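Here the structure is laid out as structure tokens; the discussion comes afterwards.
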Amino acid sequence: MSGNQTFHRYRLVRRIARGGMAEVYLAVLRGPAGFEKRVALKKILPVYAGMEEFAQLFKDEARLTGTLDHSAIVQVHEFGTYDGEFYIAMEYVDGPDLEELLDRCRRRGILPPIDVVAYIGYELARALEYAHSRVDGGGQPVGIIHRDVSPPNVLIGIAGEVKLTDFGVAKAAVREALTRPGVLRGKYAYMSPEQVRHKPMDHRSDIFSLGIVLYEALTGVNPFEGSTDFQTMESVERAEVEPAGFLRPDTPAELDRILLACLEPDPDLRYQDCAELRRDLAAVVRSLDAADGPERTGDFLRDVFPERVPNEGDDAQSGEDSPALLWEALAHRLPAMLVPIPRQPELKARSLVPRTLPAPPSEPDP
């Protein structure tokens with residue numbers, strides 16, 4: 001894309017993501033007197049534009065996300081139609097998603113620093129705590145479940161901010177149009193056991209998914225991903241997982257406990273809400289002496305993605321239009337914070353592990 005294509009009041013700079021039903025562009029909103037603002041513009045893929053079910057999902061996402069006003073959730077600026085196409089203009093986060101970050105780390109044989117993983121988890125727990133606790137005008141719980149907490153939906157800015165996005169498959173109890181019975185939405189390797197079984201779900205399903213995301217960020221391994229969708233779903237149903245410390249020995253015992261408590265097969269034995277999870281992750285962040293999570297996270301991203309650091313007056317390069325990787329030429333500059341992936345022991349068949357360690361006393365957040 002040349003960067004000169006226009007859509008309504010927006011100049012489309014480049015496509016930065018393409019998902020199952022929509023694509024996202026970095027766009028510039030143009031206004032009077034030379035006003036410009038960078039946004040992420042999401043549009044339904046043309047093949048789905050005329051299908052009512054997908055249009056309804058898109059509209060529901062816009063309505064739902066537009067009610068969420070939180071620093072760790074991507075904000076919606078505008079929803080509308082232009083030339084027969086629905087679009088959502090959202091906050092633009094200048095940085096990779098977590099899937100991109102983990103993929104780059106795997107290619108370089110490194111793992112994210114533990115304090116960065118703990119900080120990312122803390123921010124996501126804050127976002128989910130807010131969404132789960134939303135009430136309507138009458139004070140009744142809305143019943144929001146994100147249902148797709150997974151690495152592509154975790155955006156990390158070069159400045160170190162962490163944002164949860166894509167409520168496209170989220171479900172609020174008051175909105176029945178989103179999901180037909182028996183239809184699985186989301187990504188199998190990040191689902192909860194009750195989700196893959198088509199059982200009733202509540203906010204604790206998101207807690208299980210968050211546990212998977214953090215386990216993978218910490219160890220580089222998704223604990224349930226199999227060679228086929230069927231094997232993955234079977235593995236999720238069993239929810240048998242080794243402690244993260246088995247794959248990454250420097251994992252703090254308390255962080256291991258937190259992850260195992262998130263990954264309980266029985267929802268009644270998991271964390272019961274994200275407020276408790278947030279408090280425990282905050283304690284881990286404090287124990288790692290890493291209170292300045294955004295700065296540490298931003299430093300790590302700038303080292304891992306040197307080509308994403310924008311030059312004065314330039315649009316940041318990202319997504320499919322990124323230049324050839326600069327990593328090889330800059331590898332000698334990597335700081336000690338880049339953690340090599342430890343040699344992993346040969347994995348035997350997964351076995352259930354006890355998850356009933358006592359919770360620590362709660363302290364104020366960092």
Side-chain angles (χ1 to χ4, degrees), residues 1 3-46 48-49 54-98 123-124 126-128 130-131 134 136-137 142 144 146 148-149 152-170 172 175 178 294 308 310 313-319 321:
M1 180 180 294
N4 295 320
Q5 183 177 342
T6 60
F7 180 84
H8 196 21
R9 296 179 295 120
Y10 300 90
R11 175 172 64 88
L12 304 183
V13 178
R14 63 179 177 274
R15 189 170 67 189
I16 55 178
R18 181 184 175 99
M21 75 170 192
E23 53 190 355
V24 182
Y25 291 86
L26 169 60
V28 177
L29 171 64
R30 301 170 299 180
F35 172 84
E36 291 190 340
K37 181 179 179 63
R38 291 202 301 178
V39 301
L41 190 76
K42 185 172 185 177
K43 302 195 300 175
I44 292 182
L45 291 172
Y48 298 126
F54 289 97
Q56 188 62 49
L57 283 167
F58 202 72
K59 289 183 282 188
D60 284 335
E61 176 187 0
R63 282 197 294 265
L64 175 60
T65 312
T67 69
L68 303 178
D69 184 10
H70 190 272
S71 62
I73 295 176
V74 169
Q75 301 297 288
V76 168
H77 299 314
E78 182 183 22
F79 170 65
T81 59
Y82 176 71
D83 198 21
E85 292 187 73
F86 288 105
Y87 69 90
I88 304 173
M90 303 176 292
E91 174 185 7
Y92 174 65
V93 179
D94 188 6
D97 63 47
L98 184 58
E123 287 295 294
L124 295 176
R126 284 205 313 125
L128 289 172
Y130 170 84
R134 294 291 290 160
D136 61 21
V142 176
I144 294 173
H146 187 284
D148 194 12
V149 179
N153 291 333
V154 178
L155 305 184
I156 309 173
I158 291 297
E161 69 273 28
V162 177
K163 306 269 187 176
L164 182 62
T165 189
D166 203 348
F167 282 75
V169 295
R175 294 182 299 111
L178 264 173
R308 302 280 292 252
D314 291 341
D315 284 319
Q317 294 292 325
S318 69
D321 293 15

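Remember, predicted model here, so these are calculated numbers, not experimental data.
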Is Ser71 close to Arg126 at the side-chain level, that is, under 4.5 Å between some pair of heavy atoms? yes
Glu23 meets the salt bridge (Lys or Arg N to Asp or Glu O under 4.0 Å) criterion, sequence neighbours left out, with Arg15, Arg18
Can you list everything that forms a side-chain contact (heavy atoms from CB on, under 4.5 Å) with Ala127? Sequence neighbours excluded, please. Ala72, Ile73, Leu164
Looking only at non-hydrogen atoms, find the nearest pair between Ile44 and Glu85 and report the distance. O-OE1, 4.3 Å
Once side-chain contact (heavy atoms from CB on, under 4.5 Å) is applied, do any residues pair with Arg134, and if so which ones, sequence neighbours excluded? Thr67, Leu68, Tyr130, Val142, Ile144
Please test His146 against Asn153 for side-chain contact (heavy atoms from CB on, under 4.5 Å), starting from the C-alpha separation and ending with a verdict. CA-CA 10 Å; His146 187 284; Asn153 291 333; 4.0 Å; yes
Across all chains, not counting sequence neighbours, the side-chain contact (heavy atoms from CB on, under 4.5 Å) partners of Tyr82 are Phe7, His8, Tyr87
To the nearest 0.5 Å, what is the distance between CZ (Arg11) and CG (Leu26)? 8.0 Å
Working for side-chain contact (heavy atoms from CB on, under 4.5 Å), residues Asp94 and Arg38: CA-CA 10 Å; Asp94 188 6; Arg38 291 202 301 178; 3.6 Å; yes
Give me each pair satisfying salt bridge (charged side-chain N to carboxylate O under 4.0 Å, His left out) with a member in residues 73-84, each pair once, sequence neighbours excluded. Arg9-Glu78
Can you give me the closest heavy-atom contact between Pro152 and Asp97, atom names plus distance? O-CB, 3.6 Å
Do the non-hydrogen side-chain atoms of Asp69 and Gln75 ever get within less than 4.5 Å of each other? yes
The reported gap from CZ in Phe167 to CG in Asp148 (rounded to nearest 0.5 angstrom) is 10.5 Å
Could you tell me if the side chain of Phe79 sits less than 4.5 Å from the side chain of Lys59, heavy atoms only? yes
Are any of the side-chain heavy atoms of Asp166 and Lys42 separated by less than 4.5 Å? yes
If the condition is side-chain contact (heavy atoms from CB on, under 4.5 Å), which residues does Val76 pass it with, not counting sequence neighbours? Thr65, Ile88, Met90
Would you give the length of the straight line joining atom CD of Glu91 to atom NZ of Lys37, rounded to the nearest 0.5 angstrom? 8.0 Å
